[in-house]
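Working notes, beginning with the structure itself.
Quick caveat, the model's predicted, so the values are computed rather than measured. The chain is numbered in sequence order, starting from 1. In what follows, every heavy atom counts, from backbone to side chain, and hydrogens, waters and symmetry copies are set aside.
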Amino acid sequence: HWRLILGQTEQAEEGQEAQPGDGDGQSQEQQPQTGLSEQDQAIDEALEALYGDSNGGIVTSCSARADYQVELTNVKGDRQRSVADVISAVCQKVTAWQKLAEADGGVRVKISAIEGRAVFGPTPDFATVSLNTNFKEKNDGDRLDKEIRRIAKRGAGTRIRVRVQKGVNRPPVIETGAIKNFYELVHTLAKRLEVKVQPIHRDRSSDICYVPENIPVLDGMGPIGAEPRTTNEYVIRDSLIDRAALLAMVIRECGREGKR
């Protein structure tokens, strides 16, 4: 059995943010959806039909994704002699979060939204920051999680309330032996069609992140393209025929009884 994943794409999910939770200082985490039904858990292979890279790249591994929303509020009152400056505090934290990024290590930290307000009177000042992170290894994700929370609460004391909420959470896809074998099948069929392909790592997450680790999966089986989510995004029209033929042959091969 095989499955072609035609679910929600990165572009559609990009605007999602962590949803508010209850309780100050508490972390709220959304559980990731698997993207597969119980029946699909028995599939042998899975393919994602998003764009392929301009060099013919077929995605054999991709980075994980974790999104955060951090809320800071201070406490104002007649009995309080000094009031914490939330706006200055959040600016310092944004700078610290951005320094967590490691271009060579595959760790990306993007500040996707900032909202803040400082008012006179008893109404508390507040600031909200949304962060998107990508990373190659689970250990990197665990380290990032601890650092993001540590920076959020650093210097807060009793004058600033901090709430960290974790939203979209996708695990990384690691290139396993089974995935390598699956790619070799695609490569063999591509040679017959004289279509250029090569294995690549994609530094963004994908729906294939939801596929169980024991199932070989490939992404980038769609038409050749580049510069996604920019004004220069494009696909090469002539690649539609070649990639469609390759996809059809892979599906046919995977569907053969007893072949795999």
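- Minimum interatomic distance between S61 and V59 (heavy atoms only, all atoms of both residues): O-CG1, 3.2 Å.
- Minimum interatomic distance between V164 and A152 (heavy atoms only, all atoms of both residues): CG2-CB, 3.9 Å.
- Counting heavy atoms from C-beta outward, P216 and Y183 have side chains that stay 4.5 Å or more apart.
- The pair R154-E147 fails the salt-bridge criterion, with no side-chain N (NZ, NE, NH1 or NH2) lying under 4.0 Å from an Asp/Glu carboxylate O.
- At least one donor-acceptor pair under 3.5 Å links the side chain of W97 to the backbone N or O of I148.
- Using a 4.5 Å heavy-atom cutoff, the side chains of E71 and Q165 are in contact.
- To the nearest 0.5 Å, atoms CG (D140) and CG (N134) are separated by 11.5 Å.
- To the nearest 0.5 Å, the span separating CD1 on I215 from CD1 on I179 amounts to 10.5 Å.
- Within a 6.0 Å sphere centred on CD of E227, heavy atoms belonging to other residues, nucleotides or ligands number more than 12.
- Closest heavy-atom contact between Y51 and P228: OH-CG, 3.2 Å.
- Using a distance-only test at 3.5 Å, with no hydrogens or angles considered, a donor-acceptor pair links the side chain of S239 to the main chain of I236.
- The heavy-atom pair separating P223 from L240 by the smallest distance is CB-CD2, 3.5 Å.
- Both L100 and V162 are members of a single hydrophobic cluster when ILVMFWY side chains are connected at heavy-atom separations under 4.5 Å.
- Checked for salt-bridge contact, D203 and K136 miss the test: no charged N lies under 4.0 Å from a carboxylate O.
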Derivation and outcome, side chain to side chain contact (heavy atoms under 4.5 Å, CB included), residues K93 and V70: CA-CA 10 Å; K93 295 180 187 301; V70 182; 5.9 Å; no
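- With no hydrogens or angles considered, a side-chain donor-acceptor pair links D219 and S206 at under 3.5 Å.
- Under 3.5 Å, the side chains of E175 and T60 contain a donor-acceptor pair of N or O atoms.
- Look at R65 and D67 and you find a salt bridge, because one of the NZ, NE, NH1 or NH2 atoms lies within 4.0 Å of a carboxylate O, short of that distance.
- Listed for the S130 side chain is no donor-acceptor partner under 3.5 Å among the backbone atoms of Q69.
- The neighbour count for Q198 CD, taken as heavy atoms of other residues, nucleotides or ligands under 6.0 Å away, is above 12.
- A single hydrophobic cluster is seen to contain both V109 and I114, as judged by linkage of ILVMFWY side chains at heavy-atom distances under 4.5 Å, directly or through other members.
- For the pair D85 (side chain) and S88 (backbone), a donor-acceptor distance under 3.5 Å is present.
- Under a hydrophobic clustering in which Ile, Leu, Val, Met, Phe, Trp and Tyr are joined whenever their side-chain heavy atoms come within less than 4.5 Å, directly or via other members, V217 and L246 fall into the same cluster.
- The NZ atom of K138 lies 9.5 Å from the CG atom of D145; values are rounded to the nearest 0.5 Å.
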Test side chain to side chain contact (heavy atoms under 4.5 Å, CB included) applied to N74 and R161, step by step: CA-CA 6 Å; N74 61 15; R161 294 192 180 99; over 6 Å; no
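- Note that CD of E48 and CD1 of I208 are 7.0 Å apart. Values are rounded to the nearest 0.5 Å.
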Chi angles and distances behind the side chain to side chain contact (heavy atoms under 4.5 Å, CB included) call for V197, K191: CA-CA 9 Å; V197 296; K191 288 176 64 177; over 6 Å; no
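- Within 6.0 Å of the CD1 atom in I87, the count of heavy atoms belonging to other residues, nucleotides or ligands exceeds 12.
- Residue S63 comes nearest to C209 through the heavy atom pair O-SG, 3.8 Å, listed as atom of the first residue, atom of the second, then distance.
- The cationic atom of R204 (NZ for Lys, CZ for Arg) does not lie both less than 6.0 Å from the six-membered ring centre of F135 and within 45° of the ring axis.
- Within 6.0 Å of CZ in R192 there are 12 or fewer heavy atoms belonging to other residues, nucleotides or ligands.
- One finds no salt bridge joining D242 and K196 here, because no Lys/Arg side-chain nitrogen approaches an Asp/Glu carboxylate oxygen to under 4.0 Å.
- Scanning both residues, G220 and I58, for their nearest heavy atoms gives O-CD1, 3.6 Å.
- In the hydrophobic clustering of ILVMFWY residues, with side-chain heavy atoms under 4.5 Å counting as a link, F126 and V129 come out apart.
- A distance of 3.5 Å separates CD1 in I200 from CG in D53, rounded to the nearest 0.5 Å.
- Of the options V90, V86, L72, T73, a side-chain contact (heavy atoms from CB on, under 4.5 Å) to D125 is made by V86 and by none of the others.
- One distance of note links CD1 of I224 with CG of D238; it measures 11.5 Å at 0.5 Å rounding.
- If you check the side chains of N132 and Y68, you find no donor sitting under 3.5 Å from an acceptor.
- Salt bridge K146/D142: absent, no basic N to carboxylate O contact under 4.0 Å.
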Give the C-alpha distance, both sets of side-chain angles, the deciding distance and a yes or no for side chain to side chain contact (heavy atoms under 4.5 Å, CB included) between L185 and E253. CA-CA 9 Å; L185 169 66; E253 194 71 15; 3.5 Å; yes
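- L193 and L247 fall within a single hydrophobic cluster, where Ile, Leu, Val, Met, Phe, Trp and Tyr are joined by side-chain heavy atoms under 4.5 Å apart, directly or via other members.
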Are E137 and R143 close enough, and set up right, to give a salt bridge (charged side-chain N to carboxylate O under 4.0 Å, His left out), and what steps lead you there? CA-CA 10 Å; E137 303 286 344; R143 177 179 57 82; over 6 Å; no
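- Counting heavy atoms from C-beta on, the side chains of V107 and T133 never come closer than 4.5 Å.
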